[in-house]
Structures are given as C-alpha cells and as structure tokens.
Amino acid sequence: MATKQEISVTVNGVSYQREVEVRMTLADFLRHELGLGGTHVGCEHGICGACNILIDGKAMRSCLQLAVQVDGAQITTVEGLRNLETGELHPVQQAFIEEHGLQCGFCTPGFMMSTLELLGENPNPSDEEIKHAIGGNLCRCTGYENILRSIRLAATRV
Amino acid sequence: MKPAPFEYYAPESVEEVVSLLEKLEDDDVEAKVLAGGQSFMPMLSMRVARPEALVDLSKLSELDYIREEGDVIAIGAMASKSDAEDSALIQAKQPLLHAATKYIGHRQVRNRGTVGGSFAHADPAAEYGAVATTLDIQMKIVGPDGERVVSADDFYVTFLTTDIDSTEILTEVRVPVLPAGTGWAFQEMSRRNGDLAMAGVAVTLRLDAGKCSDVRISVFGVNATPVRCTDAEQLVNGQAPGDDVFSKAGESAAQFIDEPIADVHGSADYRRQLVNVLVARCLAEAVTRV
Amino acid sequence: MAIEIPKSPEELPTTSPRFVGKNVNRIEDPGLVAGTTEFIDNFSLPGMLHCAILRSPHAHARVVKVNADAAAQLPGVEAVLTGEDIKRWCNPATTSPEGWGTYPMAVDKVLFVGEPVAAVAASSRYVAEDALELIEVEYETLPVVKDAREGLKPDSPVLFEQHESNVIHDRTHIWGDVDKVFAEADHVIQEKFRWNRCGANPMETFGCVCQWDVIQDNLTCHGSYQTPGFIGLGRSASLNLPSNKIKVVSHPHGGSFGGKGGPRGTDIASLLSRKANGKPVKYIEDRMEYLTAGGGQSWDRYYDASIAVKADGTVTGFKVDLLDDQGAGAEGYGTISVAKPLAAFTGCYRIEAAKYSLKLVATNRAPTYPYRGYGPPPHNFVLESLMDKAARSLQIDVAEIRRLNYIRPDQFPYTIPSGNEYDSGNYEAVLDKVLDMADYKKMREEQAKAQAEGRLVGIGVASTVEPGVFDWNAYATVGVPGVGVPEGVKVSIDILGNITVTVGFSLEGQGQYTLAVQIVADYFGVEMDAVRVAYAATDVAPPHFGPGGSRLGVALSGAILGACKKIEEKFRIVAAGLMQCEPEHMELMDGLMRIKGVPGAEMPIAAVAGAMLARSDLLPPGMEPCPEATYVWTAPGRNEPDDQGRCKSYLTAANATHVVLVEVDRDTGFTDILQYFIVDDCGTRLNPSTVEGQLQGGVAQGVGAALYEEYVYSDDAQPLASTFMDYLLPTVSEVPITEKGEVVTPSPFTPLGAKGCGEGAIHTTPAVIVCAINDALSPLGVQVRETPASPNRVWNLIQQAQQ
C-alpha cells in the first residue's frame, strides 16, 4: 500500500480531490492543504476542541482523525458559516460578537461547531444542555460566561 | 506531534479485515486496528504508538447498528458512542449502559468514537469496562477460525489488552436488556467533567421481599482491568437496603481492590476511598430505581 | 509643548461620548468568528520549511555527543542545527539578574527535561519529526536538583557552573520598623504555604516564521509575539545582530497571559533559516512542548509568612520569607514575578511596616515565565490566608477584620511601606456592595444551618489590590534597569477624513483595537467605522511595549489622546487660517472645528485634513501639510527606586472584593463552588463588556490555580503533567458564573480616569476560594496551605483531622 492516497471530500459545499499522505491528520489537511485556516489546533490530542468541525452534521475533532478517513464525507468548517451570497455572518457568529463570547478568538470556531450541532438537534437548549455540548471545548480567556450568553442568544435566532 | 509513517488499509468487509490481518501477520508487519481512534489517535500523534500498518474499520458499515434481539441489545462494533447515547432503545432498555455512555469524554469525541473501539481499547478508565462486568456483556469476536463469543470476565486481560487476537476483531457487543425490577446506578469521580475517571462504579440489584438480591458491583479506573467486587456483593445480598450495609459494602470493595493505580490526580489510598464512597452511593441510588 | 490629556470622558471634545464607556461590539470580532484572522500558523511564505526540535529526556545531563548525520541525509531535510552551530553564532539569554541564562539550545549540558538539543528544518513538520528520530545524542546523566529546597543544600549539584551555588538572588527588604511592630504586637499570626507551579496556557501555543536574509544579514521574525519590540531586542543580544536589523512582526495571537514564551523557538528557527541559506522556517510549538518546556510555568513557591496584629484586629506588620523555584535559570524573567509584589505588598491594608526576604533558586525544573498577575496572586493568597487566620483567632468576622484595616478613601494617594503609591480607591464601598449583593448575613445563617447538619460549607471573603500600568522600576530588586515604559501610536487623517491609528502591538484578546477606535471616534466625532487600526512591525512602529502588567488600556488611551490632541492643535491653526480668525478662538467639538461663540462658523475635520493635503496654497505660512501625529505616552511621576526598592512604580491601584460560598465533600474532598460574587473598582470603565470579560476570564484562571492546575514533577524532575489530560484547564463545568458589581473611583493620574484591569480577578480568586475551603474545614481544625486544593489534598487533610 502506498503512503499516499487520493481522496474526495466536500468542504463547505466545494468538492476537492487531493492526494494526501495517509498519516496526515484531517486538521492539517484542512488547514494546510485546503488553506482553510479557521479551524485551529490547540492541543492535537483531543482535549481542547479548537479544531472541531462538522462531518456529516456532527461535531468532531479534526485532530483525532486522518484525512484519508473522510473520503466521501461532507465537512463544514468555520469558513462555511457565512452566507456567501449576502455576506452576512451566521446567526451563531453574530451572537458571539454581540454577547462578547470571545476574546482572543482562537477557540471560537470550535465552540461554534459544537453549538451548531447542539442547535441543530435541540433548538431550545437549557443551560445544562449547553454546558454538556461545550464541555469538551476549552477557552482560556472568557471564563465561559459570555459564551453561554452567546449560545442562548443564538438559540433564539437559528 | 505528528504520526510516524505507516501503511493504511481501509477494508470494506469483516472478511477482508480478517484476511488482511492474517496476511500482515504472515508478513511480520505490526498492524493496529483502528475504529474511531479517539484514544488511539493521540498515541499515534505523540508517536507513543507506531504501528507499521493501520487497518481502519471505518468502512465497515455492516457493523454500524444498534438493534434488539430478544433479551439482548446487539450493538455493532462500529456504532458510534453518540448513537448509543441517542438510542431510544438503549435509554429505555439498558439505562445503565446509557448513563455510562454520557460520561465518556465529550460529545464531539462520542460522535466519532465507537462502542466497539472503547471495549477493544480496554483503557482502565473506560466506563464500558465496569458496565460489561456488571451486566455480563458478551463480546462477539471474528477471526480466521470464524466467530466466537467471550464474556466480559474473560475479555479483559490487562492494561490496554483484551482477549482479541492480533488477527481478530471485535464485531459486536451483546448487552442483556435490564430485567424489569432491576435497580441500577453508575457514578464516577474525575477531576473535571468529562475527564478520565479516577474511579467509577456500576451497580445493579434487585429487591426480593425487601431484601437486596442479585447484587452486582463493578469498579473501574483503579486497576488494569475492571473489577467485580464479589465480596461486597455478598455483603449486600440478602440484606435490607440501608446506609449501614451499603457503607460496609463500600469498605469491602475498597479493600478488595489490589494495589490501585496512582497518578498525579489521585493516590492509591485516595482511589480506594473513592471506591468506598461510590459503591455506597451507587447502591443507595440503585435501590431508588428498583 | 506640554500635551494635556483628558482626565475623564467628559473632557473629550464631544457633547457626550457615544462610544467611550459604552458596551460597543469589538472591531476584532468579525474576522475572528469568520476564521479569517491571520494567526501565525495560518501564515506562510514561499519556500518555507518546517522546524521540529529534539528535546532532552533528562533533567540534568552532559551532552557528550550529537550525531545528526543520518537526519541531514533524510529526503526533505534542508538544515540541521546542533549545539556546535549555537556556540558559533549565539550568546546565552540575557537575564535579570545577569548571568543566569543559557543558549537557546544545549551546548554542553541540559538543565531540564524538554531543553532543545538539536533541531531540523524540513519540507513538512511530519518529515522534520521523522528526522529527529535519526539524531543520536549521547548523554551522561548528572545528579538532579528536583526543587528549590534541594537546590539550597550545601552539597547540592550546581546547575550554572560559573556560579558557586544555585541561588540566583538572595535579598531582604525592610520597610519601616518591622521588628518594633512585631515586638509590640498582641498576636503574631504565622503560617507556611506552598504554591505549586501553574501557568498561562493560552489556547494557541507559540509559533513563528523566521527568515534570515543571508545577503543583507537582516532577520525578519513573524510570530505570536506579545511584546514585539522587547523580543527584537532580546534577539539582537542572542543572535549578534544590530537591533535595527531585526524586524519583528507580531501576528494576532490566541491569548498570551504573559506566558507565550518564544525566545528559544525564535532563535532556533532563525538559525535554521540561516543554515538553510535564507529560506523561511516555521516553528509551531506543540502543546506537549508548551507544557514541558514552553513559557507556561510560573510561581513555584514556598512561603513562611506572618502578620503582627493588635488586640483589636489592627494589622501593623507583615513579614514574608519566600523561597522561589525559578527552574533552570532566569531566561523567562520569572525573577520579575517575585519583585512585582513590591507594588502592592501590603494589599488593601494600612500595614505600617513590612519585610520581604527573597531567595530565588535554580533547579532542574523548566524555567519559569510570566503569568497573568505576574506574582501577586500567590502573595495575595498568603496575605489573605493570614488575615483569615487572624480573624479566627481573634474571633472577628473575616469581612470586618478587612474593613478595619483598609486604607481609607481620604488617605489617597497612599504610599505603602514597599514604596508604591496607590492612586485612589474606596475599599469599604466595594466591600459593602459585595456583602450586600451576597446577602452576607443570610449566607452566614445558611452556613450555620448546613454546618449543624454536618456539611462542610464555607464562605470566603478576600480583598486585593491590582497594581496597574507596570513600570520597569518595580523590578529593580532583581536587577531590571530603567524607569518608564513608553507606548506610542500614530493617528493619521486622510484626505477624505478617514482615520487610521497605527500601533505596535497585535491582537491578543483584550479588545485594545476596539478601545483605540472608541476613543478616536469620540475625539473626532466620527463613526467607529471611519477609524481603522493598523499594526506596524518593529521597524516602523513608534516606540511601544504592548500588552503586559495591566497597562495597555491606560497607556494606549494616553498615546491616542496625545496624538489626537496634537492633531487638534494643528487643525486649530489651519482652520483659523481658513476661517480667518485667531487659533485661540477655534475649538474642536463633535467633529467640527468651530469658532467659539459663533454658531454656524465651523468646518468638519475632514475638510481641514483635505485642505491640508490638497490646498497647500491656503495653509498658514510654515504649516506642515501633515494631518497626523505620533504621541508616545509614559506614566507620569515615576521615579528611581531607593536602596530598599521603594519607588512610584505601578501607576494605578484597582481594587476588588470577592465573596464565595463553597461546599467541600467530606468523603471525597471535592470542592463545589456554589455562589460567587465580585465587586471591583478599576476607575472609569472604557468598554464595560471588556472589563467584565477580563474579570470573568481571570476568575476562570484563578479557579484553575486554586483547584485544578499543577505542573507536577517527579523526584527526578521529570514533568508529569505534559498533556491536557494531566494539566487541567477548567471547563465550562468548573468555572462559576459570577455575579458582578462595580464601584467607580476614577484615577486622578490617568487618561480618562481608567485603571489597569487586565489581570484582575486572578489576583483574588485563588485566595478567596482557598479562604472559603478553609472556612468550611475550620470545624475540623485543618486548613489548606497548599495549592491547588485538589480533592486528594483536601481529603488528606480531612483524614488528618479524623485521626
């Protein structure tokens, strides 16, 4: 078996065909092969959640899988949230701005991905449910209070 | 923190997996089977694990199911943990497994991590270990000689090691539905929400004319494998539920643990204490659910 | 010409500020939520190589031989760096005190686990890590100094062989007649404390892309630099380049908190670029590198401290004996964090005399770096714990003993024994407000009920001062020279009236670009959209330092207001010429240059700027056609320290009191934070949402330090917390949502009356949580004296009590 393999993925609605090294993580593939740098890498061992993306609608760590494993998948990254036609930010993005749900913003894309899955399945989550959904996302700046507010606000708009 | 090179295979059927594993073994290639990879990927990136070949099971959609088969819930090894978490069947008929599932990491990890992967990886802190020994879950394993079924007691060998041979894979876990009238409880203590447990306990019991019966107590996170605390079970069987007997059971379970794990989060003595407390608390909680 | 800086928002040239003091949305945020902000790992240059660093597995060893031949042969590898290159090209890190720094890579021996011993630049990080595995290093292990106590022993191995011992700094400061106040005290409350290592851990680790121009001998370093100018100076010293030949470009970074590190990584990547014939080299520190050997370890301390107390509870003296484990040298300026407490040594209290004995020791742990708060958080934990102990032995309520000792509002400006001057405050008002919010009396009643049921419920009350707007003079005791920390900006108005503010620091999370825009928009009466902030690299930026020591909000405000004022002065002359009146009759108000007292005689500032740039024929003779100004602000009134280190150092003294209710699980030692209240006073709040965000973020880090975070080392100085599974940052489930209130006592000394507030709650949170746990444990007669108060530690104490 070769150490490179060809894969096809759809990311934010765009299809890509690429030959990738089989050992390359999905996070590195998205960031450095496809140039989608909004997915951030904070720990590379699955704890911080900064690299969360949506695969087939489910939030997952892009550092904890290989690019070859997503052959055929539909992926959404933070770059795919904005409405490209109107230029408007996604309501979740807008809510994070309005409720000051970010400071340095490095962890924010990961939080928004967890939020998107949550609100997709549960449009009216309780605080406990929100905490459960973002329990696997670390933020070192905000102390989480404004993130909770942001998600509550987003829930009223999504 | 990037994986060392390896060869990658993604076979599409169990049959293919087994013949591939056999071939790799014959060729003296050190192979590792990858399910969801949520525990294994960090080891790969840290180069703590460095297999020559990775055999990825993610294309085995035939193993992605959760279904009821009489008194058993059959869970395909590649069903994700979040499917188990969201399964109405599991929630209704095997609430202990359901409760334990919610403690495993975080949602984003459960979305990718598989039920079978957790059993096969056999981390001492894996919630499913104690659930397996408490419920006597049966593991279906397929290899060159066909299929065999191993009970939880025989499945766990030691730290990160199970009865699965290098040319076999786990294909299904068979979880008995919780019989009506059975109380259950699952609790664990970790430093933070979602962390690996310093200690955890799974309990089932029944009440027979006001006395506890069929008590099963398992502990995880303290030894290389999950531990069934049969002495503590004996102490409770036949007794009326009460704090006294439950705390005696806790003490017994704590003493039953041989040389608990010690790490930066908790000493061996402290883990023993957590077992003590959690066993008593779980027994009390289980009684309320009978 | 002296520039008058407005001392309050009301003095801005606007009828009523529309942005300053308001909860405006941050201009930083759209790019951050869209994922387009250029963090360093999103940046690349053509032909860029990737660096990986081989690190020592030993805490103390001689490097006998490094053989990198095989690595150099690996396809994709373009440069390999070893100690031989380093010795040829580099100098050891400069430190304060001098002489306690090492080379960026080991040249003869390694002093801590994770110290670089070789590095590779290759076509990808993957290949670079493959190459590291081919490097053979022969070590001869040496006896290990596992901690500061060992390091002090006469027979201890010595890390820095040019020195006779491991003691980096040994000094005692005496302020006032401390012996007398202790002799005359009715009670002396004494205790020992241990603060274990914790640290910054921003979500983004350090990263850089360095390119050595081998023809011109210039160096350009892009990176996640908190203080770009300072980093440039350091590289000049370590890499033997004139300071003006090093250009540092700071990229937006994913948090810093002082602990971003970077000097070693920058030096290594730069030299790899030099070796690779000038190709750019990217180095992205991974999290395990950060945790074992990055800039994230701070405050490893043993305290023996006491206070002198009168019978009525008046505290008259405070003595602190500090043994500080600096780790393997002083490269990270961890030394400064023992000096900073001088700026607020006696906290909120009228303590008349004090003594501070410092011993800083080198050990085979990783070198220590700054972390938010920069030293006072452990110091406050010590002082506040002693206040509680005194209250308990005198049977005074913990809130009341604090009130009794507070500096009173009419005593400001107030000079503390260690020399700093506090600008203003109203500590009692802060206390009253927070006690009221918490319904403290009822809380105590509930606690009594819970205790009667055998539950371990406790209340903590802690009051602290946050020194703001740091000055170098605060750190003179460890050998830091200099007075004043200039921060400059350039404000430019273009031909159409759009405004650009040029600054020398990048995004880091505190919303400083937004603050810049708020102030400029109000000053010139334009919308925030009309103002842009531009980052300038070190080669063209005005003098700057950047964020640090709770300074930038105040310093930036001063610099911007000064520049705006200079432009206003120019516009006054230009507009007077155009409108044919005397300049002294002109005023700026709401974006218009207008003639005082003549309604309708006015022109918009855009017209003035436009005239300057497009109609030189209309300008007064000699008028430079330049509608822009640079202003460099530095804190007024700072002075040289005396022989005991006393000086006016930090310009502002913010104040806060926290009240927290906790319950400790008797069986497991787990602490549950049930309620948390904060009232703080940081003067004028320029963007209240930002202030609250800083507070809550500081709470989270304080909770981490109090309960979760610890860099554990084994007896052979091996780091045991090298992943996020073992170094525990609090998640949303662990951080309490706090109820916040404020008191506003403007600073009389600062622009707009604001005080430094960026470090905030971390000053108070660890202290108040431990105080609350101790209140909960007090019926058992045991007390927590070591951080973090992990469940295991607390359970051990409960076990002791039961024996």
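Naming convention: chains lettered A, B, ... in sequence-line order (proteins, then strands); numbering from 1 in each chain. Heavy-atom basis, side chains included; hydrogens, waters and symmetry copies ignored. Computed from a prediction, not measured in an experiment: that's the story for all the values here.
Comparing A:Val68, A:Asp71, A:Ile55, A:Ile47 by heavy-atom pairs within less than 4.5 Å of chain B, the highest count is held by A:Val68.
Closest heavy-atom contact between A:Cys43 and B:Met1: O-CE, 3.4 Å. Contact record, B:Phe6 with A:Leu66: CZ-CD1, 3.8 Å, taken as the closest heavy-atom pair. The shortest non-hydrogen separation linking B:Ser82 to A:Lys58 is OG-NZ, 4.3 Å. Closest heavy-atom contact between A:Gly46 and B:Val109: O-CG2, 4.3 Å.
When each of B:Met46, B:Lys2, B:Met41 is tested with A:Glu44 by the rule side chain to side chain contact (heavy atoms under 4.5 Å, CB included), just one qualifies, namely B:Lys2. Remark: of the listed residues B:Arg110, B:Arg107, B:Arg112, B:Arg112 is the sole one forming a side chain to side chain contact (heavy atoms under 4.5 Å, CB included) with A:Met60.
Neither the backbone nor the side chain of B:Asp195 comes within contact range of chain A; no heavy atoms are under 4.5 Å apart. Residue contact with chain A, scored on non-hydrogen atoms closer than 4.5 Å, involves the backbone and the side chain of B:Lys102 alike. Only the backbone of B:Ala4 comes within contact range of chain A, with at least one heavy atom under 4.5 Å from a heavy atom of that chain. Contacts of B:Ser80 with chain A are absent, with no heavy-atom separation under 4.5 Å from either backbone or side chain.
Against chain B, no residue from residues 142-158 of chain A qualifies, as none has a non-hydrogen atom under 4.5 angstrom away. For residues 111-134 of chain A, the interface with chain B (any heavy-atom pair closer than 4.5 Å) comprises A:Ser114, A:Glu117, A:Glu121, A:His132, A:Ala133, sorted by residue number. Residues of residues 115-124 of chain B having a heavy atom under 4.5 Å from any heavy atom of chain A: none. The stretch residues 83-95 of chain A places none of its residues near chain B, where near means some heavy atom under 4.5 Å from a heavy atom of that chain.
Between the side chain of A:Arg23 and the backbone N or O of B:Pro3, at least one donor-acceptor pair lies under 3.5 Å. Checking side-chain atoms of B:Gln38 against main-chain N and O of A:Leu64 turns up a donor-acceptor pair under 3.5 Å. Within the 3.5 Å criterion, the main-chain N or O of A:Ala59 finds a donor-acceptor partner in the side chain of B:Asn111.
At most 12 non-hydrogen atoms from other residues, nucleotides or ligands lie less than 6.0 angstrom from NZ of B:Lys93. More than 12 heavy atoms of other residues, nucleotides or ligands sit less than 6.0 Å from atom CD of B:Glu62.
Between B:Tyr9 and A:Val22, every side-chain heavy-atom pair lies at or beyond the 4.5 Å cut-off.
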